[in-house]
Amino acid sequence: MFFKKYGDIVVGVFFMVLSAALIVMAQLLPKSKVMDIGPDFMPMVIGVVTFILAAILTFMNVKNFKMRAAELEGTEIPDCDYKRVLSSIILVLIYVFTLQPVGFLIATMIFLLLQMLVLSPDDERDGKHVVRLLIIDVVFTLVVFFLFRYGFKIVLPAGIFTINL
């Protein structure tokens, strides 16, 4: 009952604290001597955006607390699908440990497809849906690869295949 009433407020405060810690730790990263944008830039951006969104979530839920409490009084919380949660955690761990040796392109394509299949509803796992997920997977992975490679000039792990694109 506690999390049902105060869940969004607790999550908002948690992410505000987490993003504040990210901002502080990002400032401890060394500054770049070559460019204005250094290794601290993206963690700072992510920390600030996360803090702002968490503050909005917390503020909106505190503001509308009485209305939401009355609205949630008669509703039931759906059961958690622990199988999907555990599968997602295992997939993320496998992805993290295989990213360097296998390489970004292959590891990300496999991870994203499997993660999308785990998270997609059971009734939408037909061939047409899998093909659509595969297209999204390949396009997203290639866009991220080229964005980092040529936009940000950051080389992602090549792994077992050296790709000179």
Side-chain angles (χ1 to χ4, degrees), residues 3 7-8 10-30 32 35-58 60-61 77-165:
F3 200 72
D8 286 338
V10 170
V11 169
V13 170
F14 172 76
F15 275 102
M16 284 194 316
V17 170
L18 187 68
S19 60
L22 178 63
I23 292 168
V24 168
M25 287 188 283
Q27 291 176 345
L28 298 175
L29 290 171
S32 176
M35 301 171 60
D36 291 336
I37 296 175
D40 62 332
F41 177 72
M42 278 310 289
M44 284 291 288
V45 169
I46 292 170
V48 168
V49 169
T50 304
F51 188 87
I52 291 169
L53 292 174
I56 291 170
L57 176 69
T58 305
M60 295 300 288
N61 280 285
I77 298 175
D79 290 334
C80 181
D81 190 353
Y82 293 108
K83 183 178 175 185
R84 288 180 195 228
V85 171
L86 186 61
S87 298
S88 292
I89 292 170
I90 290 170
L91 282 173
V92 168
L93 289 173
I94 291 171
Y95 176 69
V96 166
F97 289 114
T98 60
L99 181 63
Q100 192 68 35
V102 175
F104 175 80
L105 285 173
I106 295 171
T108 303
M109 283 186 193
I110 293 170
F111 166 73
L112 281 180
L113 181 62
L114 292 175
Q115 188 66 44
M116 288 188 289
L117 286 172
V118 165
L119 296 177
S120 63
D122 293 332
D123 59 339
E124 291 186 14
R125 291 192 187 162
D126 58 349
K128 186 177 179 182
H129 184 69
V130 172
V131 169
R132 188 174 342 131
L133 292 178
L134 188 59
I135 292 169
I136 292 169
D137 174 32
V138 170
V139 169
F140 178 78
T141 303
L142 290 176
V143 165
V144 169
F145 177 78
F146 286 116
L147 179 67
F148 273 79
R149 180 74 177 235
Y150 297 108
F152 300 140
K153 307 240 185 294
I154 296 173
V155 179
L156 296 170
I160 56 177
F161 301 109
T162 305
I163 300 171
N164 295 321
L165 298 175

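All figures in this text were calculated on a predicted structure; none of them were measured in a lab.
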> Atom OG in Ser19, atom CZ in Phe14: separation rounded to 0.5 Å?
Replying inline: 10.0 Å
> Short question: side chain of Thr50, backbone of Gly47 - any donor-acceptor pair under 3.5 Å?
Replying inline: no
>> Quick check for you: to the nearest 0.5 Å, what is the distance between Phe145 atom CZ and Leu105 atom CG?
In response: 5.0 Å
> So, Asp137 side chain and Leu133 main chain: donor-acceptor pair closer than 3.5 Å or not?
Replying inline: no
>> If you compare all heavy atoms of Leu29 against all heavy atoms of Pro43, which two are closest, and at what distance to 0.1 Å?
In response: CD1-CG, 4.3 Å
> Which distance, rounded to the nearest 0.5 Å, do you find between the CG of Leu134 and the CZ of Arg132?
Replying inline: 12.5 Å
>> Can you tell me how far apart CG (Leu91) and CD1 (Ile110) are? Round to the nearest 0.5 Å.
In response: 11.0 Å
> Looking at side-chain heavy atoms only, is the closest gap between Phe104 and Val144 below 4.5 Å?
Replying inline: yes
> Any side-chain heavy atom of Leu18 sitting closer than 4.5 Å to one from Phe51?
Replying inline: no
> Got a second to check how far Leu142's CG is from Arg149's CZ, nearest 0.5 Å?
Replying inline: 13.0 Å
>> Whether Arg84 and Asp122 form a salt bridge (side-chain N of Lys/Arg under 4.0 Å from carboxylate O of Asp/Glu) is what I want to check.
In response: yes
>> I want to check something: taking the side chain as every heavy atom from C-beta on, are Gln115 and Ser88 in contact at a cut-off of under 4.5 Å?
In response: yes
> Going through the distances and angles, do Phe111 and Val92 end up as a side chain to side chain contact (heavy atoms under 4.5 Å, CB included)?
Replying inline: CA-CA 8 Å; Phe111 166 73; Val92 168; 4.0 Å; yes
> What do the steps show when you test Lys83 against Val118 for side chain to side chain contact (heavy atoms under 4.5 Å, CB included), and what is the final call?
Replying inline: CA-CA 9 Å; Lys83 183 178 175 185; Val118 165; over 6 Å; no
> Can you name the nearest heavy-atom pair linking Ala55 to Met16, along with the distance?
Replying inline: CA-SD, 3.4 Å
>> Just verifying a value: how many Å separate Leu22 CG and Phe15 CZ, rounded to the nearest 0.5 Å?
In response: 11.5 Å
> Given Thr141 and Leu112, is the side chain to side chain contact (heavy atoms under 4.5 Å, CB included) satisfied, shown in steps?
Replying inline: CA-CA 9 Å; Thr141 303; Leu112 281 180; 3.7 Å; yes
